[in-house]
Structures are given as structure tokens and as C-alpha cells.
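In what follows, a structure is listed as C-alpha cells, so that the remarks can point back to it.
Here is how names work: the chains are called A, B, and so on, in the same order as the sequence lines, proteins then strands, and each is numbered from 1. Given the structure is predicted, the values throughout are model-derived calculations rather than measurements.
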Amino acid sequence: MNARATVVAALIALAALIGTAALRPLAAQSVAWDARLDSATAVQVRALLDTAAAAGVPLRPLQDKALEGSSKGAPGTRIVAAVRALGRELGTARTILGATASESELVAAAGALAAGATRDDVAHLRDARGGALAVPLVVLADLISRGVPPPAASSAVTDLARAGAPDDAYAALRRAVEQDIARGTPGAAAAESRARAMLGTLPPPRLTPPAGATDQTAGHAPTPP
Amino acid sequence: MCDATDLVIEQLALELRRLPPTDREAQERVVEAAMLAAAADGRGLGLWRRLTAPRAVQIRPLVALAAAALMVAIPIVAWQIGRGTAGRSSTALSNPPTLLAKRDGGGAGGAGGAALAAASGNERLVVRFELVAPSAREVALVGDFNGWDRSATPLVRAGANGTWVVQIPLTPGRHVYGFVVDGSSWLPDPRAPRAPGDDFGAPSSVIVVGAPL
């Protein structure tokens, strides 16, 4: 091999090395995708991803769900069904929470819907809490999955949100209700009593005047001159 | 006139070109001395002189390009390798996930206080996972952060009470995870919220990194 051929071969190898290194995370994800699902399942999941992308639904949670199913040894039909259901719930969550919701909030809302919360439950929580919905939505889903009836779970979480409770309060509510249920307290009673007790410890919510308000009466519509 | 002059010049040149008689022994002595000097250079300062002496170097543009590309590629590859291996260690079953310290990108993160509300953007936070499994031979942490890969994040046994531990940097937000004990038994984190939805028959847990859950 002459010198020029050696240099060209070295350049090609170098380019391949750079490309491999630079694209490694993307490639790893792509390889994980195609390699860990059987071909028929992969085709169906990709079709679901295309549909989700067109609807503005985040794709990563759907890919994760497929990989979770693969890692747990689920059959392809069940993986496809789970991805389809999650895509549907993410689409509903997107409709309820709007375009500004984060991926974590969308997935948490989808989880709450999957657990048994209604669209109204999620919408009421959104209205009561304002922003940063991931933690209350995760707690709502967890309470329902532990046996608290959805109306009672939704009421407990939304009441905390209306009172301006911080994330710590939702976490504390979840742990307390879990302990009560473990001791034999019915889920609804545990959620109601614990939420009521927690509301008593929170400082009164600080109301801010609506935009355009000119008087000092927070929460009231501005009066015309 | 000119022809005569040229003839004289040619004769003179012919005389000058003739080599004088040489002494063969003298020639051999000169050659031997030169070889000895060259050998002495090779044993002593010859290499240093070769390296430090100024000289004109010819380099082909293609070779220069390859060298430049190599200089760019080496740090990139090193960075990627470092990124790929960062945070790989181990985890398990009694305490909920604990946020240890903020970790900015790939930087080092040590144990210490947690600024939960400060987590934002792509800043990574080191989270400690624990599982108490005294009879386990091996425990792995699996979740959406490692592609649900059972071999990606093994836990290490910490102490004699069967506690398995791992610390990994995670991006803020909601993550789903579980533990795999001895390669086959899937366990949720008993102290963390449950992951809703189809869990494929093996319950998982949820953590919201950057929030107290």
C-alpha cells in the first residue's frame, strides 16, 4: 500500500471514529429500539410513534414504555397495546394541560388518567395548582393505585393545591395515607382525614390581585371608575 | 584567433581536471575516521541533535488534514467515553430515593445537602437508590433513564445488613424504575410512588427528580 492510500484509509477510519463517537447516544437509543423488539412489534410501535408525533405527543415516553415491556419479557401484542394506550392518554393529557405542559407533567397526567382519574379531575387540579403539576399528579395516581377511590384522591390533592401547598405536602400526604392503609384504614377515609389535617397546618394562601386590578382587594375584579 | 584561444583553454582545463595521484592508505584512514565519528554521534547526542536541529519539513496537505482531524477527534472521543461511563455503579429496597447533591452536566457530585427547588433544565442531580435484599446475589436498577437495561446499573452491597446501594445522576423530572434481583425477580421500590399504567405484570415505581417524593 503506498503512502497516499495509507493516508486515505486513515482518514476514512478517523471519520468513522468521529461519527461513531459523536452519534453514540443517538445510535445507542436507535439500536436499543430496533434490536430489543421483534420486527413485527417494532413496525407497529413505529407506526404508533408516527401517529403520536403528528399529534404533538412526546415520543420518548412511548419508546420507554416499549423498552420496559421488552425488558420485562412482555409479548409483542401487549407491548403494542401498552404503547397505544399511553399514546392515547398522553394525547388527552396534552389536550387538558395545553401546549406549555412539560413532558414530565404530560406523563404524570397520563399516569393519573390510566390509574382512574377523570379528565375533570386533572383539569381541576390544573386550575387549582397553576404550574408544576408533576408531583401532585404522581401523588394522585399513587393514591388511586393504592386503593383510594378516584373522587376521594382527587379531592384530597386538589384541596391541597387550592391551599397553595408545596410539593413537600403532597409527598407527606402520600406517605401518611400509605401508612394508614397499611394499618387497615379505608383509602377514602385515610385520604380525607390526612388531607384535612394537612390543610390545617398550611399557612393561608397568598392571593395575588388579577392583572389589571387597581384596588387592593385581591381576587376581586377591578371596579370601573 | 578565437579558435586558437579556445584550443589553449581546453588544454588548460584538461590539465586541471586530472586528479593528482592519491595515497590509498590515506584514503582508508579518512574513511575510517568518518565512520568512527558517525558511530559516536549515534551513541551520544546524535538523536538530540536530530530532534533539535532546525530543518525544513515537507508535509502533504492530506497528511496535515489528517493530523488536524486527529487532534479534534481525540478530545471528542475521550469526552464521549467519559460520558458513557459516568454514573455507572449500583442500588435497592428500604429507603426512598435520596437526592444527594446537584450535579451539573458531567461534573463531580459529592454527598451533601440537596437544593430540590433549584433543579431545572438539564442540570443532573445525583440520586441514591437503596434496596434491602439480604439474600440477593445481585441487584440491578432498571428504568427509563438507562433504557431498561438490566446490565447498565448494578447495585453494590453496602454493609452487612443486606442493603444494596447505587448513586446515579438523573435529569430533573419524572422517571419510572424498578429493581431486578438475581436477574429475574422484578421489585418496585416499596417506599416510592407506584407507576400507573400497564406494568407488564411487574410493578414499577416513580421518582420525580428535583421534587420530594
Side-chain angles (χ1 to χ4, degrees), chain A residues 3-4 7-8 10-11 14-15 17-18 20-22 24-25 28-29 32 36 60-61 64-65 67-74 78-79 81-82 85-86 89 102-105 107-108 110-116 132 134-135 137-139 141-142 144-146 166-168 170-172 174-175, chain B residues 60-70 72-81 83-84 96 116-117 142-150 171-178 180 184 186 190-213:
Chain A
R4 179 169 298 181
V7 170
V8 170
L11 276 176
L14 191 61
L17 187 65
I18 293 172
T20 301
R24 203 176 74 144
Q29 199 171 31
R36 292 168 61 185
R60 192 186 61 84
D64 288 335
K65 180 55 73 176
L67 290 176
E68 178 186 356
S70 171
S71 186
K72 290 179 175 177
R78 186 164 180 181
I79 292 173
L86 179 57
E89 288 149 0
S102 69
E103 183 179 301
S104 284
E105 289 173 326
V107 179
L113 292 167
V135 170
L137 286 167
V138 167
V139 170
D142 182 71
I144 295 172
S145 68
R146 291 182 188 276
D167 284 348
D168 289 344
Y170 299 94
R174 188 196 71 76
R175 287 193 295 270
Chain B
R60 298 179 184 185
L62 206 56
V63 175
L65 191 63
L70 198 61
V72 172
I74 287 173
I76 291 175
V77 172
W79 176 69
Q80 288 285 350
I81 290 171
R83 242 181 101 190
L116 300 175
V142 288
D144 54 21
F145 39 79
N146 63 11
W148 294 93
D149 183 351
R150 301 182 192 198
T171 54
R174 181 186 185 274
H175 295 282
V176 180
Y177 68 98
V180 180
S184 58
W186 287 78
R191 300 288 300 271
R194 291 178 186 170
D198 190 349
D199 55 17
F200 307 103
S204 299
S205 302
V206 176
I207 180 176
V208 180
V209 175
L213 274 176

Heavy-atom closest pair, residues [X] and [Y]:
{"X": "Ala115(A)", "Y": "Pro196(B)", "value": "CB-CB, 4.0 Å"}
{"X": "Arg174(A)", "Y": "Arg191(B)", "value": "NH2-O, 2.9 Å"}
{"X": "Pro203(B)", "Y": "Lys72(A)", "value": "C-NZ, 4.4 Å"}

Give a yes or no on whether the backbone of Ala192(B) and the side-chain of Arg175(A) come within a donor-acceptor separation of less than 3.5 Å.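 Looks like no, no N/O pair under 3.5 Å.
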Is there a donor-acceptor pair under 3.5 Å between the side chain of Ser104(A) and the backbone N or O of Arg174(B)?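 Side chain of Ser104(A) to backbone of Arg174(B): a pair is present.
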Chain B: which of Pro61(A), Ala81(A), Gly69(A), Ala141(A) shares the most heavy-atom pairs with it under 4.5 Å?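 With the most close heavy-atom pairs to chain B, the winner is Gly69(A).
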Most contact-rich option vs chain B, by heavy-atom pairs under 4.5 angstrom, among Leu86(A), Leu113(A), Ile144(A), Asp142(A), is Asp142(A)
Ala195(B), Ser204(B), Gly197(B): which one forms the most heavy-atom pairs within less than 4.5 Å of chain A? Ser204(B)
Who are the side-chain hydrogen bond (donor to acceptor under 3.5 Å, both in side chains) partners of Arg150(B), not counting sequence neighbours? none
Apply side-chain hydrogen bond (donor to acceptor under 3.5 Å, both in side chains) to Asp199(B) and list each qualifying residue two or more places apart in sequence or on a separate chain.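 Residues passing side-chain hydrogen bond (donor to acceptor under 3.5 Å, both in side chains) with Asp199(B): none at all.
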Can you check whether Trp148(B) reaches Lys65(A) side chain to side chain, under 4.5 Å on heavy atoms? no
Would a 4.5 Å heavy-atom cut-off, applied to side chains only, mark Pro193(B) and Tyr170(A) as touching? no
How many angstroms lie between atom CZ of Arg78(A) and atom CG of Asp198(B), to the nearest 0.5 angstrom?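 It comes to 4.0 Å.
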Atom CZ in Phe200(B), atom OG in Ser70(A): separation rounded to 0.5 Å? 9.5 Å
